[in-house]
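Only one structure is covered here, and it is reproduced in the block below.
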Amino acid sequence: MSPSFAPLPASVDLPAVEQEILERWDKRDVFRRSLEQTAQGEPWIFYEGPPTANGTPGTHHVEARAFKDLFPRFKTMRGYHVPRRAGWDCHGLPVELAVEKELGFTSKGDIERYGIAEFNAACRESALRNVSAFAAMTERMGYWVDLDEAYMTMAPRYVESVWWSLKTIFDKGLLVEDHRVTPYCPRDETPLSDHEVAQGYEDDVDPSVYVRFPLTDGPWAGASMLVWTTTPWTLPSNTAVAVERSVVYVRVHHDGEDLVLAEDLVGTVLGEQSTVEARLTGADLIGSHYTRPFDLLAADRFGDAFRIVHGDHVTTDAGTGLVHMAPAFGAEDHLVAKNEGLEMVNPIGSNGHFLADVPLVGGMFFKAADPTLIEDLIARGVMFRAESYEHSYPHCWRCHTPLIYYALPSWFIRTTAIREKLLAENEGTNWYPPHIKHGRYGAWLENNVDWALSRKRYWGTPLPIWRNDADPSEVVVVGSLAELGQHAGQDLTELDPHRPYVDDITFPAPSGTGTMRRVPDVIDVWYDSGAMPFAQWGAPHHHEADFEQAYPAQYICEAIDQTRGWFYSLMAVGTLVFDRSSYENVVCLGLLLDEHGRKMSKHLGNILDPFELFSTHGADAVRWLMLAQGSPWVDRRVGHETLREIVRKVLLTYWNTASFLVTYANAAGWSPSADAPEPTHVMDRWALGELQGCVSEVTAALDDFDSSRAGRAIVAFIDDLSNWYVRRSRRRFWDGDPAALATLHRCVETVSRLMAPFTPFATDYLWTLLQGEGGSGLPEGTPDSVHLAPWPSISDLPDDDGGLRSAMDLVRRVVELGRSTRAASGVRTRQPLSRAVVSAPGFASLDAELLAEIAEELNVARVETAGSELVQLDVKPNYRALGKRFGKQTPTVADAVKASTDAPVDGVLTVTVDGAPVELSGDEIVISETPREGWAVRSEGGLSVGLDTELTDELREAGLLRDVLRFVQDARKRLGFEVSDRIELWWTAGRADTAAAIRNGADTLATECLAVSISEGEGPAELSAQPSEDLGLTIRARVA
RNA sequence: GGGCCCAUAGCUCAGUUGGUUAGAGCGCGUCGCUGAUAACGACGAGGUCGAUGGUUCAAAUCCAUCUGGGCCCA
């Protein structure tokens, strides 16, 4: 008969096991079957946020992917249907830049010369190349997601869906053309994305100037506003001065002139010696006119300008509270200008130089004009003060040229029009951690600005807008290639909807005159990913029903840097197109740091290669770190040391417990059966109670998306199981006790299912092995993978055995204290003692079985309740209870309790407080014991354990026998015997007491070390002699 | 400059609604235990719970300010 279980050595190569499991999943098609099996289940929809395929995967990608895998696996085991489709973000500047680097390009000119078709082909190739690296990482880490049907944002169907959605938005009147102030590199002549700007800040020394703006009318005509700016080059474009309505402004007399500025800033700007002559609020000043600092540009270009307006962005944190406005060069200025109907006057060309016809600074690079302008202001007496200061200013991250904020025509989605709707959708969204909802994300939504969609680039979804070259106001937005074909009068359904091919499609204007040509922009790559709920299906042109069924998602998960990225674009696109957000629950992860707490970056060279981590420690260990180590919401450190600890502490403890079970189950010929008897042994009942607690804790935690709480519960259980249940139950396993084997089997089997979503490899290996795979075989109807098994349910387990878990806690605390007592008394545990006495609340109610556990663990013959010979009663105050009753008097009462020398009578203690007797009872006092002298006693937290350390001859001999036994067991191990081998044993002893102990305890010795014979004498000479100097003993042994 | 988050032992992290001796693991030292374990147990060294102020009978916990770190944004 084959053993029930395949052999399971304690030592294991986890990465090798993972390879085996990967092959098995592939061969058995487990992922697909897990979806089929749940096909009738309630859908639980997950959306994969597409990683940008612009480089090789890093360890931080493993983090998000571990979470993307965990909850779908969990929900699948609970019977939900969780379709999972991979996706790849293929477009965008990151891809373009990677290709430019490969090709050695430095500017858009290089690309145009190379050819857009060729360049985009290279981008496509680059994206595909990196996709395969991501796919390999995805598979290796055990992230189950359908890679074969992955959506790609560059696929024609995907692009067509995006077009359709943009047309929908256009039809709602929310897609409009406008000017936008963007960060712009004047050397490369391109606008930059926010992401690029963020990595290009450099420290600069810039001017800091206070300029007089004399008021010509209004309440304070004649006085000069003090206006502060750090960009003198924008002063020729000055259009207005912004104030904040509610801020108090003052007119002060200073050095013979009248100046105007915010009251809060008088001290900072002018010092103490100035007299305030009048006060007004910003609202009173709005509408006043002033003389502008330069008239290098014709005044009529500005229209109704040079007046005071309101600006939300004005603060009194810095400057003067009077803000110079140059709408062509500042996003906020631009916004205010739009509301105020101010013109945008821009004297700077696209190359960053002042236009040649501008007096004084014509032809100068914008920043280089600062000194000239400052000099002129000083010469004309307009300058109040000129200083310089150091601050960080954005530079082009490629050529280090200072950026200019520059207004360019661009297409916008008017998200501000649906701001309230977005806020409402956010209210209905569950964020993990919750603070993101109204913090980082919500606060940002509140300040939503229109979505600048255009990119003056090449590799992206082309903006599907065709415009009449004869009449720019006539535009057609196209929702599909078929639609475009209809306009153009040809079949374009097979056209590649990318540049330059779509650029070539023109058609006569519907109005009759002119030709419709595509607006050359491509769109922001974030829009692509935000459109994935429908675009992954090609909906509505294809799979409309599939899309409907899978919208919105119940679950998405990314790292926190996606707050304004995908989390926003997904919610915004959904709300724009379908009037509702695309997701209900969103898990937002912290970032990964290296072992020293620094952010991982290629620049620092502290990137960890995920494949290397997988082959060194195993994907299970890396996943466990991501999912359960520390708080996923908070930044965390990743390093080899942590991973080694996880392997040892979590995975190997789990593995070895299973290995132990298999060893003894096979030795006993035991196999699991459905009709196992009800557990009766106290250890079994306890273990199953703990298991039940673990199942309910892990389930609740995962329902709440709290993987680390679930992980802690699992680790605690595994530790209890291995280091208490197994440790205390070893003898029953040696004896092949079916109840113990059944209990342990159940615990390991169940915890395997709980862990399966975390560590899918080791759990699958062990779970199927414990079902009989490789041994007696899987029973009919048993899934051939843990991932096809149902989630454990509490109702499958026996009821928590009333109070047993807390009773066992007490037992373990008593044992702990007993060991401590042993250590303090210097009597080692192997030496049996006659009795231990215990004093502890609740100890009296422990039943005999539990007392036996204590006795055995402490190696004493009896455990007794301590009387007054061991301890004296002590009364301590319980502050929590006293505080409720006595409030401010609490310390006084507490002192009275501590000072009390009386013992409580029937649990009631009477103390005198302020001359009056006060009765304390119940939980107001804590009765504890302190040990008396003369015993080996230790006390802690109200518990005391004492040991009777008197040694009789009998006890001494028993101790000696244990030493002999220990020595024989050691020898068995040295000689390489199997744990179940029966042996023949010969011995000679030079010490009389050792000899006596062996002679008197031969039966015990034989049973304990599985000896079929114990003979006094040298034994066969060919066997190696095993001597012990301490015991004066030499033995020989062989397998019987 | 703004918003948000974080700060507990050398390291990684727990710490429920505020309750008086702040815990665990790793690492280190000593001792012990071992018939699964790369284990396990006891003891020890190691903490002004980032700082200051406040609320309270009572603060690691609540509030304010500050410092340091991080992310996002200007």
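Sequence lines set the chain letters: A, B, ... in the order given, protein chains first and strands last, and positions in each chain run from 1.
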Taking any strand in view, what nucleotide pairs with [N] in a Watson-Crick or G-U wobble way, both distances under 3.5 Å?
N     : value
B/G46 : none
B/C4  : B/G70
B/G53 : B/C63
B/G41 : B/C31
B/A14 : none
B/A36 : none
B/A22 : none

Spacing between [X] atom [atom1] and [N] atom [atom2], to the nearest angstrom:
X        : N     : atom1 : atom2 : value
A/Glu856 : B/C33 : CD    : P     : 16 Å
A/Glu857 : B/U34 : CD    : P     : 11 Å
A/Glu446 : B/C72 : CD    : P     : 22 Å
A/Ile560 : B/G70 : CD1   : P     : 15 Å
A/Gln562 : B/C72 : CD    : P     : 10 Å
A/Leu833 : B/G32 : CG    : P     : 16 Å
A/Ile983 : B/G35 : CD1   : P     : 12 Å
A/Asn723 : B/G32 : CG    : P     : 21 Å

Categorize [X] for me: base, sugar-phosphate, or nothing, with a 4.0 angstrom heavy-atom threshold over every strand shown.
X         : answer
A/Arg966  : base
A/Leu882  : nothing
A/Ser11   : base
A/Val715  : nothing
A/Val662  : nothing
A/Glu1008 : base
A/Gln889  : nothing
A/Thr1007 : base
A/Thr892  : nothing
A/Tyr664  : base

### Message
Using ring centroids (six-membered ring only for Trp), state whether A/Phe733 and A/Trp670 fall under 6.0 Å.
### Response
no
### Task
Taking atom C1' in both B/G44 and B/U34, compute the distance separating them and give it to the nearest angstrom.
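So the two C1' atoms sit 23 Å from each other.
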#### Entry: Euclidean distance for C1', B/U56 against B/U20 (whole angstrom)
14 Å
### Task
Ignoring backbone atoms, establish whether A/Lys649 has a side-chain N or O less than 4.0 Å from OP1 or OP2 of B/C13.
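It does not, given that no N or O in the side chain of A/Lys649 lies less than 4.0 Å from OP1 or OP2 of B/C13.
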### Task
Identify, between A/Asp735 and A/Ala881, the residue whose nearest nucleotide on RNA chain B lies closer to the 5' end.
A/Ala881
### Most 5' of A/Asp13 and A/Thr890 on RNA chain B, judged by nearest nucleotide
A/Asp13
### Side-chain-base donor-acceptor pair under 3.5 Å for A/Arg880 and B/U17
yes
### Message
What I want to check is whether an N or O donor and acceptor connect the side chain of A/Arg440 with the base of B/C5 at under 3.5 Å.
### Response
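There is none.
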### Nearest non-hydrogen partners of A/Val726 and A/Ser722, listed with the distance
CB-O, 3.6 Å
### Message
With heavy-atom distances below 4.5 Å as the criterion, would you say the side chains of A/Asn666 and A/Pro7 are in contact?
### Response
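They are not in side-chain contact.
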### Query
Hey, does A/Trp624 have a side-chain heavy atom less than 4.5 Å from the side chain of A/Asp620?
no
### Check ion pair A/Arg730-A/Asp735 (N to O, under 4.0 angstrom)
no
### Message
Could you tell me if A/His324 and A/Thr234 have a donor-acceptor pair between their side chains, going purely by distance under 3.5 Å?
### Response
yes
### Summary
In this structure, CZ of A/Arg812 is separated from CG of A/Asn723 (nearest 0.5 Å) by 8.5 Å
### A/Tyr879 ring over B/A58 six-membered base ring, under 5.5 Å and 30°
no
